[in-house]
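The structure appears below as C-alpha cells.
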Amino acid sequence: MLSRLLKLMFVGYAIVKAFQYRYHIMNWVLANERIRKWAVATSMRIPSIRNLFIRSSFRTTSAQ
C-alpha cells in the first residue's frame, strides 16, 4: 500500500514538474531538426491549425 502511494506521489510530482517546464522541454525536443520538421508537417495536416497559421501569417490590411 505504501509502495503504491509512493509511486503515485512520484508520478504526480513528475507531471507537475513537466507542466511547469513544458516550454523548456518542448524547446529541447524541437532542437532536433528531424523532429521539428516532423512536428510542423504533422501539425499542418490538422485543418484548424493550418487555417489559423495561414490567417495569422497572411493577414490582409484594408487601406481606406
Side-chain angles (χ1 to χ4, degrees):
M1 179 70 180
L2 186 59
S3 164
R4 189 173 183 184
L5 182 61
L6 215 54
K7 287 179 186 177
L8 186 61
M9 286 176 56
F10 178 74
V11 168
Y13 179 77
I15 289 171
V16 167
K17 285 301 176 185
F19 184 76
Q20 285 178 342
Y21 293 105
R22 63 190 180 272
Y23 295 114
H24 294 285
I25 294 168
M26 191 170 22
N27 285 335
W28 179 72
V29 169
L30 294 177
N32 185 327
E33 185 179 352
R34 283 185 179 167
I35 295 174
R36 187 174 53 246
K37 284 175 98 172
W38 174 82
V40 170
T42 302
S43 64
M44 286 297 122
R45 289 186 195 130
I46 302 171
S48 58
I49 293 177
R50 184 181 61 237
N51 292 339
L52 181 67
F53 173 74
I54 290 173
R55 268 189 269 132
S56 67
S57 297
F58 303 108
R59 198 173 287 158
T60 60
T61 56
S62 59
Q64 295 179 350

Exercise. Honestly curious: do I46 and L52 fall in one hydrophobic cluster under the side-chain, below-4.5 Å linking rule?
Worked result: no
Exercise. Other than V11, what residues sit in its cluster of Ile, Leu, Val, Met, Phe, Trp and Tyr side chains whose heavy atoms are under 4.5 Å apart, directly or through others?
Worked result: I15
Exercise. Between CE of M44 and CG of N51, what distance do you get to the nearest 0.5 Å?
Worked result: 9.5 Å
For this session: Each residue besides L5 in its hydrophobic cluster should be listed here, by chain and number; the cluster joins Ile, Leu, Val, Met, Phe, Trp and Tyr at side-chain heavy-atom distances under 4.5 Å.
Result: M9
Seminar exercise, completed: Interatomic distance, CZ@R4 vs CE@M1, rounded to 0.5 Å, equals 7.5 Å
Problem set entry | Distance (rounded to the nearest 0.5 Å) between N32 CG and K37 NZ | 11.0 Å
Exercise. Under 3.5 Å, side chain of R50 to main-chain N/O of P47, donor-acceptor pair present?
Worked result: no
Problem set entry | Co-membership, hydrophobic cluster, residues Y23 and L30, 4.5 Å side-chain | yes
Exercise. Is there a chain of hydrophobic side chains (I, L, V, M, F, W, Y, each step under 4.5 Å between heavy atoms) that links V16 to L8?
Worked result: no
For this session: Applying side chain to side chain contact (heavy atoms under 4.5 Å, CB included), name anything that partners V29, two or more places apart in sequence or on another chain.
Result: I25, I35
Problem set entry | Counterpart residues, side chain to side chain contact (heavy atoms under 4.5 Å, CB included), relative to T42 (two or more places apart) | W38, R45
Exercise. Quick one: does S43's side chain have a donor or acceptor within less than 3.5 Å of a partner on V40's backbone?
Worked result: yes
Problem set entry | Residue list, side chain to side chain donor-acceptor pair (under 3.5 Å) with K17, at least two apart or on another chain | Q20
Exercise. Does Y21 have any ring pair (Phe, Tyr, Trp, His ring centres under 6.0 Å) partners at least two apart in sequence or in another chain, and if so, which?
Worked result: H24
